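Worth knowing before you read on, the calculation uses all heavy atoms, side chains too, and leaves out hydrogens, waters and symmetry mates. In this text the structure is predicted, and so the values were computed from the model without any measurement.
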Amino acid sequence: MQQGKIIGLSTVIALSGIILVACGSKTSEQKNIQFSIPTDVASLDTTILTDQYSYDVAGNVEEGLTRVDSKGNAALALAKSIDVSKDGLTYTVTLKDNLKWSNGDKLTAKDFVYSWKRAVDPKTGSEYAYLMGAVSGANDIISGKSSLDTLGIKAESDTEFTVTLAQPTPYFKFLLSEPVYYPLDQKVVDKYGKQYGTSSDKTVYNGPFMFKSDKAWTGTNKNFSIYANPNYYDKSAVKSKQIDFQVISNANTGAQLYKQGKLDFTLLSTTDLINANKKTEGYTVFKQARTDYIEYNQSGKNASSPDAQKALANQDIRQALNLATNRAEVVKTALPGSTAATSFTPVGMSKTSTGEDFATYAKQDYSYDPTKAKELWAKGLKELGLTKLSLSLEAAGDLAPSEATANFLQTAYQQNLPGLTVNLKLVPFKQRLNDAQNGNFDMVLSGWGGDYAEPSTFLQLFTTGQSYNDGKFSSKTYDDAFKAATTTPDVLEPAKVDEHYKAAEAALYEGSYINPIDFQANPALMNPKITGLEFHSTGLAYDLKSAYVK
């Protein structure tokens, strides 16, 4: 990176940002955007939140040092400037003048120091703390080996602070746009303690929008609104005075409300709905950098039975399940618009040093082979001294694509693998998140969306001990490949980085540690009169800062 200049990853420019516009000019009369999400917001605490739907809301009421723009660049946001030393290890950040929180408090460099230390503090339990690993000292603090004072961030004044990295991180300015890197008003966090972020009146805001007592988010309600933040530094760029959110888990209801003019945006999550609405005005498909995949509990703990516990630690059993997965039929049946996964890192997210799509370059042989699956299944059962086996498969029952995928896989696995009984466990999305985090599953249908357009946003999930490695497997081959890709000297040589990341993908495949299902797309209905809404395939999916309805 060049000192003193914000530059984007070349791949992000092409792949990450799409600005959605309509013809015509803004008029004095506006209609509030009616925006729907398919499941409840889990939290507004940007240190704690983990799911895309919470991020879709929180990312529009909060902001970090950078914000991904319509061209996919990590553009300056709260930062007035970010200067980088020649060795790529020291970042000097100068904040914009007169920054304020929505409650009128001054936003200063100390708010970043406090927030970052809170994020890496093991007592906080942030699942996204691993994203702070680029900062010097973060990993040792997270693992309990060092004190918070060793974190590589120091406030030089109210408007300036320095950051020291553990190693050069070419995409660090994109990390600065992530929620875990957002500042926090310590006075407010201290006031509410563990209740901070559990409702909109227990949170404070620095982004384009904010919550008010009118139509607030209580933590459980299905209808709430955000309003233009008068203390936002770039308030003239905010085009909507108010945006209304509705939580609509029934996609049929969402489609009907859209057609009645009562919604401006709703996802189409079933095959029937998609086929019925392809000719509806406003039909569109958003291609996200997201992979749906099955995780296997390999920890030896919390499985549904002792047999399940030892079975999923057996590579032949896991490989049999992978080979019994007909990804093309899953997509056809349950996930129209998506594509069958050929790696963990999705297509359309990043490119190699030669310009090739990384997912194409790192493609693995995730094929459907029921004959070989039966052979390996029989072999695995024999090794375990079993003739039959029951496994649970957990999925989010309030997300139609997840439920449809799980139903398909239950039938397919029982048909292809003699002696297997799959007990379907359909739970609310929030419970699925908690069960995965706590290891309370045999197999769980998970999903991951890229935070930035570089393979590490996916591949770092499965390093040994990483908080999102829910299956708790450990592979030295995988760990070594990831470490080589992300540390000196090879981190500064793009071609070598590509090779190491590909080796990590190969280790996932060869060990059958996970089971990638599909690269996700989101068919939706969106009012053609919406202008200025930016869609990003990574990070904040729907940036509403400049959006409005004509």
Side-chain angles (χ1 to χ4, degrees), residues 1-17 46 55 59 62-96 99 107 109 111-113 115-116 119-120 128-136 138 151-154 156 159-183 206-207 233-234 289 349-351 353 450-458 460 485-488 491-492 494 497 534 536-540 543 545:
M1 285 189 173
Q2 298 178 11
Q3 185 172 349
K5 181 179 179 183
I6 289 286
I7 61 174
L9 299 177
S10 61
T11 58
V12 187
I13 295 174
L15 301 169
S16 181
T46 53
Y55 188 7
E62 307 287 5
E63 190 164 79
L65 295 169
T66 62
R67 190 180 188 94
V68 176
D69 64 16
S70 61
K71 295 181 179 179
N73 296 311
L76 293 173
L78 298 181
K80 181 178 181 180
S81 65
I82 301 176
D83 295 324
V84 187
S85 61
K86 290 183 179 180
D87 62 5
L89 292 175
T90 304
Y91 284 61
T92 302
V93 178
T94 302
L95 298 176
K96 286 182 167 67
L99 293 177
L107 194 159
D111 294 331
F112 287 91
V113 176
S115 174
W116 292 16
V120 298
Y128 259 85
Y130 73 91
L131 275 186
M132 303 290 296
V135 180
S136 177
L151 188 66
I153 182 172
K154 179 182 179 184
E156 308 294 345
T159 58
E160 184 177 304
F161 63 94
T162 55
V163 180
T164 304
L165 300 190
Q167 63 273 327
T169 306
Y171 50 87
F172 186 64
K173 289 174 183 175
F174 285 91
L175 292 180
L176 294 175
S177 71
E178 289 301 305
V180 75
Y181 280 90
Y182 289 177
N206 67 44
Y233 72 89
D234 195 22
M349 187 190 74
S350 64
K351 292 186 177 181
S353 57
D451 295 305
Y452 49 90
E454 207 265 355
S456 64
T457 188
F458 278 81
Q460 65 184 314
T486 55
T487 57
T488 53
V491 70
L492 299 175
V497 170
E534 292 182 16
H536 302 285
S537 65
T538 58
L540 178 61
D543 189 338
K545 175 179 175 177

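- Between the side chain of Glu534 and the main chain of Ser70, a donor-acceptor pair closer than 3.5 Å is present.
- Within the 4.5 Å cutoff, no side-chain heavy atoms of Asn206 are placed close to those of Leu99.
- When all heavy atoms of Tyr452 and Gln460 are compared, the pair lying nearest together is OH-NE2, 2.9 Å.
- Between Asp87 and Pro168, every side-chain heavy-atom pair lies at or beyond the 4.5 Å cut-off.
- Considering all non-hydrogen atoms of both residues, Thr538 and Ala289 come closest at CG2-CB, 3.7 Å.
- Across Leu95 and Ala109, no two heavy atoms sit closer than the pair CD1-N, 3.6 Å.
- Inspection of the Tyr128 and Asp451 side chains reveals an N or O donor paired with an N or O acceptor under 3.5 Å.
- The side-chain hydrogen bond (donor to acceptor under 3.5 Å, both in side chains) check on Glu62 picks up nothing, with sequence neighbours excluded.
- When the side-chain hydrogen bond (donor to acceptor under 3.5 Å, both in side chains) test is applied to Asp111, the partners found at least two apart in sequence or on another chain are Trp101.
- The distance from the OG atom of Ser350 to the OH atom of Tyr171 is 11.5 Å, given to the nearest 0.5 Å.
- Taking both residues in full, the closest heavy atoms of Gly72 and Phe174 are given as O-CE2, 3.4 Å, listed atom of the first, atom of the second, then distance.
- Scored by the side-chain hydrogen bond (donor to acceptor under 3.5 Å, both in side chains) test, Tyr181 finds no partners at all (sequence neighbours excluded).
- Partners of Ala166 by side chain to side chain contact (heavy atoms under 4.5 Å, CB included), not counting sequence neighbours: none found.
- Proximity of a side-chain donor or acceptor of Asp69 to a complementary backbone N or O of Lys71 within less than 3.5 Å is detected.
- Residues Leu65 and Lys173 form no side-chain contact, since every pair of their non-hydrogen atoms from C-beta on lies 4.5 Å or further apart.
- Under the side chain to side chain contact (heavy atoms under 4.5 Å, CB included) rule, Tyr91 has a single partner from Ile82, Asp83, Thr169, Ile153, which is Ile82.
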- [ ] Using the side chain to side chain contact (heavy atoms under 4.5 Å, CB included) rule, take Val84 and Phe172 through it: C-alpha gap first, then chi angles, then the decisive distance, then the call.
- [x] CA-CA 10 Å; Val84 187; Phe172 186 64; over 6 Å; no

TODO: I would like to know whether His536 and Asp543 meet side chain to side chain contact (heavy atoms under 4.5 Å, CB included); could you show each step before the answer?
DONE: CA-CA 8 Å; His536 302 285; Asp543 189 338; 4.3 Å; yes

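- Take Ser353 and apply the side-chain hydrogen bond (donor to acceptor under 3.5 Å, both in side chains) test, not counting sequence neighbours, and it matches Asp498.
- By the side chain to side chain contact (heavy atoms under 4.5 Å, CB included) test, Thr164 is found to be paired with Ser136, residues two or more places apart in sequence or in another chain being considered.
- The distance from the OH atom of Tyr233 to the CD atom of Glu63 is 4.0 Å, given to the nearest 0.5 Å.
- Looking at every heavy atom in both residues, Val93 comes nearest to Ala79 through CG1-CB, 4.2 Å.
- Among residues two or more places apart in sequence or in another chain, the ring pair (Phe, Tyr, Trp, His ring centres under 6.0 Å) test is passed with Phe112 by Phe161.
- Note that OG1 of Thr457 is 6.5 Å distant from CG of Leu131, once rounded to the nearest 0.5 Å.
- Side-chain atoms of Thr92 never come within 3.5 Å of backbone atoms of Thr90 as a donor-acceptor pair (strictly under, hydrogens ignored).
- Annotation: side chain of Val180 is in contact with side chain of Met132 (closest heavy-atom distance under 4.5 Å).
- No salt bridge links Asp234 with Lys96; every basic N to acidic carboxylate O contact stays at or beyond 4.0 Å.
- Between Val497 and Ala485, the closest heavy-atom pair is CG2-O, 3.5 Å.
- Legend: residues meeting side chain to side chain contact (heavy atoms under 4.5 Å, CB included) with Ser177, ordered by chain and number and at least two apart, are Thr66, Val68.
- Residues satisfying the side chain to side chain contact (heavy atoms under 4.5 Å, CB included) criterion with Glu156, sequence neighbours excluded, are Lys154, Glu160, Thr162.
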